[in-house]
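Hydrogens, waters and symmetry mates are skipped; everything else that's a heavy atom, side chains included, is used. Only a predicted model underlies this, so the values are computations on that prediction, with no experimental measurement involved. In what follows, every chain begins at residue 1, and chains take the letters A, B, ... in the order their sequences are listed.
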Amino acid sequence: MLADFSVSRLHQRLLSMGFTPGSVIRVLRRLPMNGNLYVEIAGRSLALRFVEAEKITVNVS
Amino acid sequence: MPVTAIALIGNPNSGKSSLFNILAGTRQKVGNYPGVTVDVKSAKFNLKSGETVTLLDMPGLYSMYPTGREERLVVDTLLHAGTGNCPDAIVYTVDASLLESQLLLFTQLIDLGFPLLLVVNMIDELEKRDLAIDLDVLRSRLGVPVLAVSSRTGENIDELKHAILDLVEKKQVHPKPFYTVPSDQINNVRYVFFDTEVGNEYFRLLQMHHADRQDKLSENQNTRLKELQDQETFQLLPAQVDETMDRAEKIKRLLAFAIVRGKGKRFDSNWFDRVLTHNYAGPVIFAAIMLFTFQAIFAWATYPMDWIEGAFAWLSGELTTILPHGWFSSLITDGLLAGLSGVMVFIPQIAILFFLITILEEVGYMARAVYLFDRLLQRVGMNGRSVVALISGGACAIPAIMSARTIENWKERLITIMVTPFISCSARIPVFALLIAFVVPYERVWWIFNSQGLAFAGLYVLGVVAALTSAYVFKRILKSRDASFLLMELPTYRWPDWTNVWVQVRTKVGTFVTEAGKIIILMSLILWALASFGPKAKMLAAEQEAQLESTQLGLTDSEAGDLLASKKIEASYAGHIGKVIEPVIRPLGYDWKIGIALITAFAAREVFVGSMATIYSVGSEDNSLRIREQMAKVIDPQTGKPIFTQATALSLILFFLLAMQCMSTLAVVYKETGTWKWPVIQFTFMTVLAYVVSFATYQLMS
C-alpha cells in the first residue's frame with residue numbers, strides 16, 4: 001500500500017502515472033543488485049529505477 | 001467553409017494510433033510542428049455539408065502537467081500556445097482495462113471546456129480480464145457521449161464515425177467541471193487575470209502553471225503571478241499534487257459503480273515476462289532476437305537487392321545505347337543513375353530491419369528491452385530508451401538518430417545521437433564483405449559457422465563496443481542539469497497492428513530516401529564530375545597511353561574500356577586529390593587509389609566498392625570477386641609487395657567501422673541538435689578515432 005513520497009519533479013510524474021496514495025503496488029520482478037523494478041499499479045505495469053522507487057513510501061502487506 | 005480540427009488524445013498505449021489508422025486509412029500524413037521535432041499525424045475529410053474536418057493524432061500523454069517534450073507539445077497546443085493548432089473538439093481514447101488510471105487526463109479536458117467524446121477502446125480484451133463496464137453509468141456521471149469500440153476487431157467503428165460527426169456538428173460541452181478548483185486557487189486566478197476574459201478558470205489556472213513556457217501572459221499578469229509565488233500563496237507542485245489526488249479519488253468512486261468485476265481469475269498478461277525479463281534469460285533472449293533479426297536481413301534482403309541492382313544495370317545499359325556517346329550519357333548513367341541505385345539498393349535492408357523493429361515495439365517487447373538495459377546504458381551516460389536508437393542504427397543512422405527524440409533528458413539524448421553512427425549500418429556491409437576475405441580466410445568453424453561469418457559478427461560487436469565506450473567518454477565530459485527518468489509503462493503484450501507497422505516502415509524508409517537520398521545523389525554527381533574531368537593535357541595523355549597499352553597487350557574491347565577508365569580517373573581531379581592526401585593515409589597502409597575511393601566514400605560508404613571497381617578497372621563487371629582478384633594483384637611500386645595485405649585490409653575495415661563518412665547523418669544531427677557544433681564534434685571525434693585505430697593496427701601488423 002502506497003503511503004507517501006517525497007516532493008520532486010518525479011512526484012508529479014508518478015502521480016500522473018497512477019501512483020496515488022492509497023493505491024496497491026505489486027512488485028512483479030526486479031533486476032539484481034538494486035536494479036530496475038517492474039511493478040503493477042491500478043492494472044498498469046510500470047518499470048522504474050531503484051532510485052525512483054526509493055522516493056516512494058509503502059506499507060508492506 | 002470553416003475547418004474543424006478534431007484531436008485524438010489519450011494516454012500512451014491506449015490504442016490511439018490504431019484508431020487513427022482505422023479512421024484515416026492511407027490518407028494520413030506525418031507532419032512536423034514548426035520548431036519542435038515531434039511528429040503529428042493528420043488526415044483531412046470533406047463532409048457532405050461542405051465542411052472540412054482535420055483529424056489529428058497527437059502524441060500520447062498522461063496529464064496536463066507534463067514531464068516530457070512530446071507531452072509538452074500537446075499541452076501547449078491545448079492551451080493555444082504559439083502553435084495555433086488548438087483542436088475544436090477532442091476524441092479521447094482509453095484502454096478499457098486501464099480505465100482507472102487513464103481517465104485522469106480526460107477529467108482535466110472536461111474542465112478545460114472542450115467538446116469531448118470518450119472512446120473506450122480494446123473492449124474485446126475486457127472479457128479475458130473478466131471485467132465489464134457499465135457505459136450508462138459513465139455517460140451519466142461524466143456527462144459526455146461514451147462509446148465502446150475495438151480497433152482490433154472493428155467492433156462499433158461505424159458508430160464511432162457517426163459519433164465523431166455528431167461531435168463536429170453539436171460541439172457539445174460538458175455542463176459542469178469535474179474538479180472544483182479550491183477557493184484559494186480561484187482567488188489567485190482572479191488576482192492574476194482580473195483584466196481578461198480568456199477561457200474558464202481552470203484554463204487560466206493551467207496557464208499560470210505553464211507560464212514559464214508560454215508567452216500568453218501579459219507583463220502585468222506575469223508580475224502579479226511572480227508576486228503570488230514570492231508570497232508562497234501559489235506553489236506549483238503542491239497545487240498540482242492536490243489536484244491530481246482529488247481527481248484520482250473522484251475517479252475511483254465513480255468507477256466503483258461503472259466497473260463490474262467478475263469472479264474469474266485475473267488475466268495474467270505478465271506470464272511472458274517471467275522469461276523475457278528474467279535476470280539472466282532476458283538478455284540471452286534479447287541477443288538471440290537480435291541475431292535472428294540481423295540474420296534475416298542478410299537472408300531476405302539479398303534477392304530484392306539483386307533485382308534492384310539488376311534493374312539499374314539494365315537501365316544504364318539501355319540508356320548508353322540510346323543516348324549519344326559523350327559526357328551527357330556518362331552524367332546520366334555514371335552520375336545520376338549510380339547515385340539513385342546507391343540509394344535504392346538499401347531500401348530492402350532498411351525496410352526489413354524496421355519491419356522487425358516495429359513489430360518488436362508493437363507487441364510491447366521493446367519496452368522490456370528498455371527495462372533490461374537501462375542500467376547498463378545509464379552507466380555510459382545513456383538511457384534505456386537509447387536501445388531503440390542503437391538497434392535501428394543497424395539499418396541506417398538517420399531514422400535511428402531521429403528515434404532518440406523519445407529520450408527526455410538532453411544529455412542522454414545527445415550522447416545517443418553522438419554514438420549511434422558507430423553501430424554498423426547497412427552501407428558498411430558491402431565494404432566489409434569486400435575486404436573481409438583479405439583478413440580471414442574461409443574456414444568452417446564447429447560445423448555450422450564459418451570464419452568469415454564470425455568475423456562479420458565480430459565487427460558488429462566491435463561497433464557496439466565503440467558506441468558504448470565513446471558514450472562513456474561523453475558522459476564524463478558533458479555536464480547536465482536535467483534529472484533522468486526511467487519511469488515508464490510496460491504495455492500489455494499484444495498482436496501488432498499491421499497498419500501501424502506499415503505506416504512506421506513507410507515513414508522510416510521515407511526518411512532515409514529523402515534525407516539520405518538527396519545528399520547521396522548530389523555527392524554522386526559531384527564525384528562523377530571530379531572523376532570525369534581533369535586538367536586537359538593530362539586527360540589526353542592518359543587516353544593515348546591507354547590506347548597504346550591496349551594495342552600492345554592486345555586487349556578486348558571491354559578490357560580496353562576498363563583500362564581507359566582506370567587511366568582517366570588517375571589523371572582526373574579525383575586522382576589528383578587522391579595523390580595529395582596520400583602522405584596522410586600512407587601510415588594507415590593506403591595508396592592514392594584507396595585515397596580516391598575513401599574520398600568518394602564520404603558521400604556514402606558503399607560507394608567505396610564501386611570506386612575500387614573503377615580504379616582497378618573492373619568497372620564494366622561489377623562483381624566483388626573480380627574486384628578482389630584484381631586488388632590482390634596490385635603491387636606497391638615503392639616496396640614491390642602487394643598492397644592488399646591482411647594489415648591494409650584490416651586497417652581499412654576498422655577505418656570504415658569507426659569513421660564518420662556519411663554526410664546525410666551529419667545533416668540530420670544538425671537538424672536534431674539545432675547547431676553545427678555537434679555534427680562537427682562528431683565528425684572530428686569519429687574520424688580521428690578511426691585514424692588512430694587504423695594507424696595502430698597497420699603499424700602493429702606490418
Side chain, backbone, both or neither: which part of B:S97 has an atom under 4.5 Å from a heavy atom of chain A? neither
Contact check, side chains of B:L372 and A:L31, non-hydrogen atoms, under 4.5 Å: yes
To check you understand the geometry: which heavy-atom pair defines the closest contact between A:R29 and B:R274, and what is its length? NH1-CA, 3.7 Å
If you look at every heavy atom in A:N36 and B:Y371, which pair is closest and at what distance? ND2-O, 2.9 Å
Between A:S16 and B:Y62, what is the shortest heavy-atom contact and its length? O-CB, 3.7 Å
Please look at B:D95 and chain A and tell me whether the side chain, the backbone, both or neither of the residue comes under 4.5 angstrom of a heavy atom of that chain. neither
Approximate separation, where rounding is to 0.5 Å, of A:M33 CE and B:N279 CG: 9.5 Å
Between B:N11 and A:M17, is any pair of side-chain heavy atoms under 4.5 Å apart? no
Apply side-chain contact (heavy atoms from CB on, under 4.5 Å) to A:S45 and B:T492, showing your working. CA-CA 8 Å; A:S45 300; B:T492 319; over 6 Å; no
Output the option from B:R247, B:E489, B:Q102 having the highest count of non-hydrogen pairs under 4.5 Å with chain A. B:E489
Heavy-atom proximity to chain A below 4.5 Å, by part of B:L487: both
What part of B:E249 gets within 4.5 angstrom of chain A, counting heavy atoms only: side chain, backbone, both, or neither? neither
A:R49 and B:R375: side-chain contact (heavy atoms from CB on, under 4.5 Å), yes or no, with the steps? CA-CA 8 Å; A:R49 290 184 183 151; B:R375 192 81 181 284; over 6 Å; no
Applying a strict 4.5 Å limit to non-hydrogen atoms, the region of B:E100 in contact with chain A is side chain
Audit row: A:L46, B:L490, side-chain contact (heavy atoms from CB on, under 4.5 Å) steps and yes/no: CA-CA 5 Å; A:L46 298 163; B:L490 297 166; 6.0 Å; no
Segment of B:L61 engaging chain A (4.5 angstrom heavy-atom cut-off): neither
